[in-house]
Every structure is written in C-alpha cells, then in structure tokens.
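The structure appears below as structure tokens.
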Amino acid sequence: MFQFVATYPSPSRNAIQHIALPQTAPQGAELLFARCEKQENGGYRYETATYMNLLHRTRWQTLADIETISLEVTCRGCGRLVLQGSSVSDAKNEYTFSDLAYIDVQSDDPATFTVSLNDNYDFYSLAWETPKEHSLTILNACYTEKDRLPNKIYNSVRLAFVIPTYQRVDDIVKTIKKYKDICNSSSYIEESTHVFIINNDTAIKNFPYSSEKNITVIHNNHNFGGSGGFARGAYEALAQKNFSHIVFMDDDVIIHEESLFRTLALLTRLKKLYANQIISGSMFTRENPTWCHVIMEGLNENGLGETIAGKQDLSSRQHVTAILTAVQQYTPLYIDAESTIKITPQKIIHPYAAWWYCVIPVAIFSQYGYPLPVFFRGDDQEFGMRIRSFPLPLNGICVWHADFSNKYSLLRLYLGVRNNAITNILHFKKWKRNLLRQICFKLAREIARCNYAECAIRILAWQDFLHFAFIPSHGEFLISRVASISKQFPQPEKPAEESQRAYPRRRGKKFFPLLLLYLTLGGSLLPETLRNRLFLFWNPEKQQKYFNRFRAMSFAFSSITLMGKIFFLPRSCFIKHIPKYIFTNNSTQVEISNIH
C-alpha cells in the first residue's frame, strides 16, 4: 500500500514541478497522473511517466532559465525509489524508459532524498516499489531548480484570471470553490492570482462570491458573449496596473492545482526571449478524461482549423512522449535575440492559443488591442492571427472541458461561419479564395443533403459578415435572429456515418457534380431519377421527402450571389468599419478599441 500527501511550497524551495497522484485527479483521469502494477512478489510498482507528472527536461530548459534540475522526494516507510529516464531510441521517435538509479528506503521518520538529473535524457520520471505487506508514504515529491544563485532575479508574475459566464451559476460556483480551496492550501498561489468574473446575464445582480478576497465580479450591460467578457475583463485588469499576465479561462472547466503552480513556475523563470509569448493550456474532455482534444492547433492555408497536436488518448506512456516531442519540434527555438525562428518540421499552419486556458502578457493588449465583438466562436483564432505569437504549451498545464461535439447548435454554426470569414479577410492574403471555396463547397453539400436549415444559417452568416459593422454584437439580438431563421426549416436526418456525406463523394471526382448542382440551381431543374443517378444526394431514399424545388433553387441562387459580392468586396473598406465595444462602467460609457 502507499499514501501520498501533496504540498505546494513557494519558489524559495526552488520547486518547478510537483508530482501529483491519482487521489487529486478529476474522476476518470487517474491514468494521466500515475499507473500501478502488481509485481510477481506480491508487491506493487507505481510509475509517474504520465502526462501530468513526466518531467520534459528538454522543454523546461528550452523555455526557462534553468541550469540543472534535481528530483527531491520526502518519504517514510519501506520500499524502493526509482529514477527513470528516456530519450529517443530510433528514427521512429519511439521512447524506452530505463531505470537509472535506485534508493532503498526503510525509515519510520520522514527522510528526504535528492537526485541530480543530467542532460543525457529528454524525459525523467519517478517510480517506487513497495514489498508485500509493507507501505511507503510519499510526503512530497517535486523537481527542483538545483544550485539556484543567491542573486538570481526572477520574473515578477501576478495573474488576472478572466472568466466570463452566462446563465451557468452552478458551473462558476464550482470553479470559484475550487480556486478558493487552492488558495487556502497555497499562500503562494493566493498572493499571485486574482479572479475577475464577468457576468453577461443582466438578470442576475446578486452574484455569488461578490465580496470575497481575490475575486471581482463585473456585470456587463449586455450579453456580449465570451469575446465581450474576455475583452471587458482584460480592460478592467489592465486598469489596475498590477498584473503581468491575463489568463482567459472558461467557466465550465475543471482545473488542477498543479496546473496553476506550474504556470507560475514557468512564467517566473521564462527566458526573456519568450517574454511576449502566450502560454497555452491543453484541453482534455470531461466525458472521457484521458482523451486529449488539443495541445496545439492552428489555421491552415485555407483558413480552417487544424489540430497540430492532440486528438489522442494519453493514458499510454508512449503516446505522451510522442506527442510532447511533436510539440517541442514545432516550438520556435531562439538561439539569441538576433536569431531567426527555427521550426522543425516546417508546416503551413498558423498556431493560436484557445481560450479555455490561455495566459497572455499584458503588453500584448497594449500593442494589438482587445478581442473583436464576435460574441463567441473563433474569437481566439482571430486574436491569435492578429498577434502571430507562437503559443507555448507545457505538459501538466491543462483543463478538462466539455466535449464540443455535444454542443452543436445552429447558433454555434452561424457564429463559426461568420467569425471564420472575419478572420480570413483580416489576416489571410488569399481570403477571397478561402471564402469562395467555403461557400461553393459547403453550401453545395447542404443543398444536396436538403439540409435547408443549415443552408439558411450559412447564408445568413455570410450576409452578416458583409454587414458586420452594422450587426449588433450582443446576444439578445443574435440569438433571436438565428432562432427566427431556424424555425422556418426542418432539419433532415443526420448521416449514420461520416463517410456518407454528400461532398466530396470521391477524391478528384467532385467538380462535375458540384458544377451541375449550381447550373441546375440545386438540382431543381433536373427530374428526380436523374438527380438520384448523379448522386446529388447523400441518401436519396431518405432525402427525397425533404427535397423542396423552390428552396433548392433559392439557396443555389443566393450562394451564387454571395460569391459575386465577396469577389468584389474590398478588404480596406471592411477593416475601416470594424466595430468597437461600448460598456457601461459606473454610469459612464467606456469604448474599447479592438484592433490597433
């Protein structure tokens, strides 16, 4: 048997990363913290070569001003401590962990052991073995900065957490309760953080925790969504002039204490070359806690989102080392202040940091402005493309968030389409090609599937993109606008399998049916038998009952008209009329500039 007691000492103890065990993990995420195997002798072996506890030495020494690292373990009882190490073993990036050192423990009183780590291995981890019918209690285990110079100056760090919320009081109460528990166990975190809750629900005036220490509640005069909440929170935090970084975080996430500590440990030691870089948190799903949704993502040359690292279950040690290596290879490596950015391998993707957990230096807002008034969805993409700052992930800095596949709605579709178009016109040279491509292919697919609700929402989104400066940015208007459109159109049954979607049916054979669809105005000019024979429909037998000749003709004509308008749209005119936020602050109006 074994016991573990976690403590979170201040930086005076030189700690950079603690080893957190499964007792502290969110339910179902235990394999991200440690593994246990029964030995042939009846004892147990525990390993911490996991996403949360693996020490990525190469990563730490790339980003942070750290010379050498040590493993420090305080324990009592009977057992054996094992130091493990791993580096790439072949061209396939396969990692094998080896036992490097052993320490036999047999003491009824607490005993502290320290092991220095060298530069021979990319990854280090702690393991321990307990004989049958004996116990080993780990009182504290952490990786520390060895031989810290007495006159070494650390970066001054104080974090302002900005958490927008709307009609999710239960979620925000759980989040703040967790934060208060962390502060009660760590004075260091309490002194280094402050939380700004931005309430977008104008019906709620008496908000929980309004008078608590380290918590400020701000009520918006409209429901400006996530982007408006983040912009307002950043504005209020910067006005106090005592924060080094702003942390954008969602209200429905689960966060571990170690993620906060590791954020502070990294920022206090971050090299000056990376001072203006964003620290990004990885996202795991609450429904499947070991499934990593994203560690790093970006927009490809077509202006669409693409995962760089993620979409993988990280309960396996091999998967963890492989994905962390990929992240390290994609990080810009500075040799000195004059050197150019070196990225290996080269990719045509522009990374950005998503806002479920994103640590932004305050100087970025002064230089680039605040998030655009786009309500939510894609606001982090536009901001990331604006600042062009490579995010810096580190294992153990993460949150557990609800899976987005369970959040589909026509409002999310509308905002995703409209806001992606805004990002394209502002930040991509080939924005016209990207938007025309999306309109042409995606509308054709939905027309062919007789999904007229999505057709109407997509056309509304692109029309509102063309008139972005004149569309109110608050939720009261947007929600009712989308709801009124969606009620007019029934939605057909969804495909049973992803492979059954209408377009493209076969690689290299999509141009002819696509052209035919538009030339025949959504297939409305073709007889039913010919439409079925040419595979214009995803599932002809089921979709025929949804086919409406007038609607197919109308949406096909609308898409052609939209393509014409976008083709002749001048970028300069769009940028000139970007709207700004107007908040009410103590009975006065505050205008926030978005783009500098």
Side-chain angles (χ1 to χ4, degrees), residues 59 62-63 157 159-164 226-227 229-231 233-234 237 243-251 253 255 259-260 262-264 266-267 270 273-285 292-300 303-311 323-324 326-332 341 343 347 349-372 374 376-401 404 416 419-420 423 426-427 594-595:
R59 185 73 172 172
T62 296
L63 303 180
V157 176
L159 306 180
F161 283 81
V162 176
I163 308 176
S227 62
F230 287 129
F243 297 103
S244 63
H245 295 77
I246 310 295
V247 184
F248 287 174
M249 191 172 81
D250 284 344
D251 62 350
V253 301
I255 189 167
S259 295
L260 299 185
R262 210 166 293 184
T263 300
L264 291 168
L266 177 60
L267 290 174
L270 197 65
L273 293 170
Y274 299 102
N276 290 325
Q277 303 295 99
I278 289 176
I279 308 299
S280 60
S282 306
M283 175 190 151
F284 291 81
T285 63
C292 178
H293 175 69
V294 161
I295 291 181
M296 183 182 286
E297 59 187 342
L299 296 182
N300 59 26
L304 299 174
E306 186 170 324
T307 300
I308 299 171
K311 299 288 189 283
I323 204 167
L324 295 184
V327 169
Q328 177 70 3
Q329 290 176 340
Y330 199 76
T331 300
I341 297 177
I343 306 173
K347 290 176 181 265
I349 295 179
H350 306 285
Y352 66 90
W355 288 352
W356 44 70
Y357 188 89
C358 177
V359 186
I360 307 173
V362 294
I364 285 182
F365 295 101
S366 302
Q367 183 176 357
Y368 296 99
Y370 294 85
L372 286 182
V374 294
F376 71 89
R377 287 216 75 187
D379 43 1
D380 47 6
Q381 293 179 345
E382 187 283 322
F383 194 75
M385 295 303 100
R386 196 193 315 171
I387 65 177
R388 297 288 171 140
S389 172
F390 273 79
L392 302 177
L394 179 69
N395 65 298
I397 299 179
C398 63
V399 295
W400 284 263
H401 192 288
F404 291 115
N419 297 348
N420 179 264
T423 300
L426 291 177
H427 305 295
N594 305 114
I595 296 181

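Numbers here are sequence positions counted from 1.
- The backbone N or O of H350 sits nowhere less than 3.5 Å from a side-chain atom of R388 that would complete a donor-acceptor pair.
- Taking the side chain as every heavy atom from C-beta outward, I387 and I278 approach each other to under 4.5 Å.
- F383 has its ring centre less than 6.0 Å from the ring centre of F365.
- At least one side-chain heavy atom of P391 sits less than 4.5 Å from a side-chain heavy atom of P351.
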Let's go through E382 and L426 carefully: what are the C-alpha distance in whole Å and the side-chain angles of both, what is the deciding distance for side chain to side chain contact (heavy atoms under 4.5 Å, CB included) to 0.1 Å, and is it a yes or a no? CA-CA 8 Å; E382 187 283 322; L426 291 177; 3.8 Å; yes
Derivation and outcome, side chain to side chain contact (heavy atoms under 4.5 Å, CB included), residues V294 and K311: CA-CA 6 Å; V294 161; K311 299 288 189 283; 4.1 Å; yes
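- Side-chain contact between Y352 and S280 is absent, with no heavy-atom pair separated by less than 4.5 Å.
- From Q328, atom CD reaches atom CG of L394 across 10.0 Å, with rounding to the nearest 0.5 Å.
- A donor-acceptor pair under 3.5 Å is absent between the side-chain atoms of R386 and the main chain of T423, judged by distance alone.
- The minimum heavy-atom distance between S389 and N276, with the atom names listed, is OG-O, 3.5 Å.
- When side chains are defined from C-beta on, F161 counts as touching L260, because their heavy atoms get closer than 4.5 Å.
- Smallest separation of non-hydrogen atoms from L63 and L270: O-CD1, 3.5 Å.
- Between G305 and Q381, the shortest heavy-atom distance links the atoms CA-NE2, 4.4 Å.
- With E306 contributing its side chain and G298 its backbone, the two residues share no donor-acceptor pair below 3.5 Å.
- In this structure the side chain of V247 never reaches within 4.5 angstrom of the side chain of V162, judged on heavy atoms.
- Counting only distance, with no hydrogens or angles, the side chain of D250 and the backbone of H401 share no donor-acceptor pair below 3.5 Å.
- Nearest heavy atom pair, residue I295 against residue C292, reads CG1-SG, 3.4 Å.
- Looking only at side-chain heavy atoms (C-beta outward), M283 and F404 come within less than 4.5 Å of each other.
- Partners of V399 under the side-chain contact (heavy atoms from CB on, under 4.5 Å) rule, at least two apart in sequence or in another chain, are V253, I255, W356, Y357.
- With contacts defined as side-chain heavy-atom distances shorter than 4.5 Å, the pair M296/T307 does not qualify.
- Judged by distance alone, with hydrogens and angles left aside, the side-chain atoms of N419 form a donor-acceptor pair with the main-chain N or O of F376 at under 3.5 Å.
- Residues A353 and D380 share a closest heavy-atom pair of O-CB, 3.7 Å.
- Side-chain atoms of S259 come within 3.5 Å of backbone atoms of G396 as a donor-acceptor pair (strictly under, hydrogens ignored).
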